[in-house]
Amino acid sequence: MSDAMLYRFNNRSGLGTDWIVRISDSVHYLRDFSLSAWLRQSTGRVDEAINGLRKTAYEATTVSFNRAFGQQAASGDMTAPLFAPPIEADQEVWAAGVTYERSRDARQEEADDGGDVYARVYRAERPELFLKALGRNVVGQSWSVGIRRDSQWNVPEPELGVVLNPAMEVVGFTIGNDMSSRDIEGANPLYLPQAKMYTASCALGPGIMLVATDEIFDATIHMRIQRGGETAFEAEVSTQRIQRRLSELVDYLSRSNQHPNGVILLTGTGIVPPQDFTLAPGDVISITIEPIGTLTNTVKVV
């Protein structure tokens, strides 16, 4: 896998955000960097664009990532989030649904009408794709994620996120949390936008692992939910259990739809807590996908 990671962080002035590229433990600050501009410039030359950032990091005077960022990141300090979501306002986050067998089964279990629609889309040629969040509404590492005040059954959905440039070429991967109100979607599939799109319903981070590929890489997604310092739920799944090829998800996402500043695609969840579990305010959700890292968020009511 790639040794290059791209992070966006809140600068010490408190007046905005900056970007860094990390190679192993070395960090280089990217002055006046724009993810949107870099994604546009990477079109047709992804390897070259990634190598350009890698070269910049190698040639520059660097600082230690662990010394500059590691202590707060490792502490899980939620009071002053250091990292910003690795996305800008002019990108969108889209999500694929029912790409794992477990997701299909869970959707059928929650559906008031038996959920035949989920069984059909699982085996259909066309995948389920929906707009999850606008870039300006995404939260990052150590930020709070939301559960709806009008929902009684809320769960996180840990997912591998794919970062795509305007030509729909893969430039990297990140971790996503597609928060979901299961009772709202279960009441009627037409309520999907309300179950999926609301304040703080999408988290990304902690950074982007830069790599040019056309395949979903083999990784384990691990999620732990802590409540009062104790583990309330824990599970893991392999990305090899995704029943769709990355190329077909990307193909359908690009049909009759342009993304001039790039887009992030969440590839679905294979981890679903049992029916008697729902998130509570103060719960801490940690999603780990190595070598990307761990995305940690605390739950709040919105």
Side-chain angles (χ1 to χ4, degrees), residues 1-6 35 39 42-43 46-47 49-50 85-87 91-107 118 121-133 138 156-178 180 196 202-223 235-255 257 259 262-272 286-295:
M1 279 292 104
S2 173
D3 62 347
M5 292 287 300
L6 189 63
L35 179 64
L39 288 174
S42 73
T43 298
V46 175
D47 278 319
I50 293 173
I87 189 172
Q91 279 106 41
E92 299 170 344
V93 179
W94 284 69
V98 201
T99 57
Y100 290 81
E101 184 177 8
R102 178 68 186 99
S103 179
R104 179 202 63 186
D105 294 345
R107 298 292 87 77
Y118 300 104
V121 79
Y122 181 76
R123 60 177 182 266
E125 179 180 352
R126 180 184 293 271
E128 178 192 10
L129 294 170
F130 56 91
L131 178 64
K132 173 62 184 179
V138 176
E157 295 191 1
E159 308 191 20
L160 178 68
V162 183
V163 185
L164 301 153
N165 68 17
M168 305 305 284
E169 299 167 315
V170 177
V171 303
F173 296 94
T174 189
I175 302 172
N177 184 352
D178 172 15
S180 184
K196 293 288 190 178
C202 180
L204 296 176
I208 299 171
M209 181 181 72
L210 298 172
V211 58
T213 182
D214 57 4
E215 300 288 344
I216 293 175
F217 77 95
D218 185 3
T220 297
I221 302 174
H222 179 272
M223 181 175 72
E236 62 182 33
V237 69
S238 169
T239 58
Q240 294 301 297
R241 298 185 69 86
I242 297 176
Q243 297 301 303
R244 297 276 185 175
R245 297 188 309 278
L246 180 56
S247 58
E248 63 180 299
L249 294 176
V250 171
D251 171 52
Y252 276 96
L253 180 60
S254 65
R255 291 189 182 187
N257 197 3
H259 302 279
V263 63
I264 294 179
L265 172 65
L266 303 181
T267 53
T269 188
I271 299 176
V272 183
S286 297
I287 303 167
T288 300
I289 305 177
E290 295 297 353
I292 303 172
T294 299
L295 172 64

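This is a predicted model, so every value here is computed, not measured.
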Considering non-hydrogen atoms only, spot the tightest contact between [X] and [Y] and give its length.
X: Tyr100; Y: Thr239; result: OH-CA, 3.8 Å
X: Ser254; Y: Met168; result: CB-CG, 3.6 Å
X: Phe130; Y: Gly97; result: CE2-N, 4.3 Å
X: Gly207; Y: Met5; result: C-CE, 4.0 Å
X: Ala95; Y: Asp178; result: CB-OD2, 4.3 Å
X: Pro206; Y: Gly293; result: CD-C, 4.5 Å

Distance check, rounded to the nearest 0.5 Å: [X] atom [atom1] versus [Y] atom [atom2]?
X: Glu157; Y: Ile221; atom1: CD; atom2: CD1; result: 11.5 Å
X: Glu159; Y: Ile264; atom1: CD; atom2: CD1; result: 12.5 Å
X: Trp94; Y: Asn257; atom1: CH2; atom2: CG; result: 5.0 Å

Is the backbone of Thr267 close enough, under 3.5 Å, to the side chain of Thr99 for a donor and an acceptor to pair up by distance?
->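 Yes, the answer is positive, given that a donor and an acceptor are paired below the 3.5 Å cut-off.
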Does Glu248 use its side chain to pair, donor to acceptor, with the backbone of Leu246 at less than 3.5 Å?
-> no
With sequence neighbours excluded, residues passing side-chain hydrogen bond (donor to acceptor under 3.5 Å, both in side chains) with [X]:
X: Ser42; result: Asn165
X: Asn177; result: none
X: Asp251; result: Arg255
X: Glu236; result: none

So do the side chains of [X] and [Y] get within less than 4.5 Å of each other, counting heavy atoms only?
X: Ile87; Y: Glu92; answer: no
X: Leu204; Y: Leu266; answer: yes
X: Ile289; Y: Met209; answer: no
X: His259; Y: Leu253; answer: yes

Just one of Leu295, Val272, Thr269, Ile175 clears the side chain to side chain contact (heavy atoms under 4.5 Å, CB included) bar with Pro158, so which one?
->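 Testing each of Leu295, Val272, Thr269, Ile175 against Pro158, the sole residue satisfying side chain to side chain contact (heavy atoms under 4.5 Å, CB included) is Thr269.
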Reference residue Leu6; test side chain to side chain contact (heavy atoms under 4.5 Å, CB included); the match among Ile50, Val163, Thr174, Leu35 | Leu35
Name each donor-acceptor pair under 3.5 Å that joins a side chain in residues 210-220 to protein atoms two or more places apart or in another chain, with its distance.
unit_1: Thr213; atom_1: OG1; unit_2: Glu215; atom_2: N; d: 3.1

Passes side chain to side chain contact (heavy atoms under 4.5 Å, CB included), Gln91 versus Val138? Steps please.
-> CA-CA 10 Å; Gln91 279 106 41; Val138 176; over 6 Å; no
Is Glu128 salt-bridged to Arg244, going by a charged N under 4.0 Å from an acidic O?
->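 A salt bridge is absent here (no side-chain N lies under 4.0 Å from a carboxylate O).
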Results of side-chain contact (heavy atoms from CB on, under 4.5 Å) for Glu290 - residues two or more places apart only | Thr288
